[in-house]
Amino acid sequence: MSESRQNKRRRKLPSSKYLVLSVPYLWLLLFFLAPFFIVFKISFAEAQIAIPPFSELLSYADEQLQILLNVGNYFYLIDDDLYASAYLLSLKIAAISTFLCLLIGFPMAWAIVHSSPSSRNILLMLIILPSWTSFLIRVYAWIGILRNNGFLNNFLMSIGVIDKPLQILHTDTAVYIGIVYTYLPFMILPIYTALMRIDYSLIEAARDLGASTLTVLFKVLLPLAKGGIIAGSMLVFIPSVGEFVIPELLGGPDSILIGKVLWQEFFNNRDWPVASAVATIMLLLLVAPIMYFHRYQKREMGAS
Amino acid sequence: MKHSTTFATSALTASLLLSAPALSAENKVLHVYNWSDYIAEETIEQFEQETGIGVVYDVFDSNEVLEAKILAGSTGFDLVVPTSDFLARQAMAGAFMPLDKSKLSNYGNLDPKIMSMLEETSDPDNTYAVPYLWGTTGLGYNVAKVTEVLGEDAPIGSWDLVFKPENLAKLEQCGVAFLNAPTEIYAAILHYLGKDPNSRELSDYKEDAEAFLLMEKLRPYVTYFHSSQYINDLANGDICVAIGWSGDVLQAADRAAEADNGVEVAYVIPEEGALAWFDLMAIPADAPHPDNAHAFINFLLRPEVIAEISNYVWYANPTPSSREFIDQEILEHPGIYPSEETLAKLYGAKIMPAKVSREMTRSWTRFLKN
């Protein structure tokens, strides 16, 4: 009801077109740029025992406006190797997880595209279904499966494959399992869309011209599905880099990722400025792949 | 369908009933933020019946989470319960309003010794806070397994049990847990090494310091670092020793006894002394209902009320006159109400300068990574 009313109002307004067009920009401004600017601002402050626990950048006294920028927080990140190693480990885990998601997700998307139209919807539904349960509960369920006297170890021991429980929980392996499991749907769905759009007569043509299965895969199919693969990889890679919950619950004491470092700065050290600097650098690291993706998309759109 | 309509109607009626007096009398409401599992079952109901003030009770499970909320400001809470060293820092930030002691008619029930200790360590002049409950950070152990591994003359009752690498190496086979609380483990180790547990020397927390070197030797034998998992694991017999909080270990002992699984868990305050911590009630500076908060604090200072809570959560309270209402078992437990001799050896936690606290977190991270 409210929707139709809104539509009517929009139609009445003469400048409605600009109004609609401005919505995404307003969204970007409100929910991305403004929060980022606040974080960016705090990263130049100094930690204090106060509410809120950092210094003000601007001060006005005796008709003088003073801006005090503290860049020490960024130097601090360079000084201590903890931050560099946490960034690297986060990037490594995110990259490997993305690759694993692609390895599992591509065949799954392919299988869904090539199933009968009636079962296709059911299969897609099954991909999305787990996300109807809380993410936290699903990660907790993995604790039950992976722990020493958990489901997996008990099963493997009962069929005699192993005689001592495998230590999986609290290792990096468990972190990979958790991330791949959680983000797999984000890889499958864009690839599925891309594969649906492919003109399959092209593959037949390649076959007719004598291309082997592998040649078809790498020379025809993958290039045609490239957009979906890149989109899926971005959707998995970007949130995995800053992932906190999965390594915290499934990882061991040595899986110190950037999310954990952020938490420690914020909660254990009560140093909001350094925490903000860590977050700013993380964003800068993520901007590179996003820019690449954006440029790729533009090129694609220009070509077609 | 019918069921849900009835439910919706009754929920609506209930909310109307609840909000009506709140609107007319302006503030018959109190928002409390306390530790999880930290109050008796009937305490809140009794307070609501006596005063007509509706209590909205919310819980947290770490000082860090509470502090992040408090330092962000405008929490909306009327009463919070931080641990003493955390309260000291929050009070410096101006987070709390001074207590109006004229509204606390039961203030005189508090143990003067505890009050003077708090005055010294965390709350000058007892301006902002009243203690709620207190406990210690000591050793929880599986009686049978520890004697089995270390023999009859196992150094139970001394920090030697876990801080002598050769002992810990043997205990590794039956499982060892340390709290994942850098300030508390560092204090215990510094104290064990004969240093000030509240050392403010940066050099005591560096990687070449005695404390860190000892921790590095202990590290390979510690099964895990966690601040709540050990309760279950002690009760199930999955681990045999834990550095843990008194009430939590006793809770594990209680669970094991209830499960009747042949596991006997005990808690001891090591003879060298241990950290005593106090959880304090304080009113945020911007609390919307400070009068109600005072009323609630005053209610909790009543001997029979706080005794009921101690009976339920196995933590000692700071109101000596409550003892006549406390179960014999709890009153006589040396881990809950320690003897004068043990009491003299307990030490409190003081706040650290930001630099020291950062160095501690840093070396703790490094140490966990090894």
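All values below come from the heavy atoms of this structure, side chains included, with hydrogens, waters and symmetry mates left out. A note on names: the letters A, B, ... follow the listed sequences, proteins ahead of strands, and every chain is numbered from 1.
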Is the count of non-hydrogen atoms from other residues, nucleotides or ligands lying under 6.0 Å from [X] atom [atom1] greater than 12?
X	atom1	answer
A:F155	CZ	no
A:F151	CZ	no
A:F244	CZ	yes

Taking every heavy atom of A:W272 against every heavy atom of B:A68, the minimum-distance pair comes out as CZ2-O, 4.2 Å
Between B:R89 and A:I49, the two heavy atoms sitting closest are O-CG2, 3.4 Å
How long is the straight-line distance from [atom2] of [Y] back to [atom1] of [X], given to the nearest 0.5 Å?
X	Y	atom1	atom2	result
B:T365	A:N268	OG1	CG	7.5 Å
B:F225	A:H170	CZ	NE2	12.5 Å
A:F267	B:E67	CZ	CD	10.0 Å

What are the residues of residues 350-358 of chain B, in order of number, with any heavy atom under 4.5 angstrom from a heavy atom of chain A?
B:S357, B:R358
Any luck finding a side-chain donor-acceptor pair between A:N269 and B:T361 under 3.5 Å?
yes
Answer with side chain, backbone, both or neither: which region of [X] has an atom nearer than 4.5 Å to a non-hydrogen atom of chain B?
X	answer
A:L82	both
A:E265	side chain
A:V261	neither

So that I can tick it off, tell me whether A:D81 and B:R362 are bridged by a salt bridge, with the cut-off set at under 4.0 angstrom between side-chain N and carboxylate O.
yes
Within residues 50-59 of chain A, which positions have a heavy-atom distance to chain B below 4.5 Å?
A:A50, A:I51, A:P52, A:P53
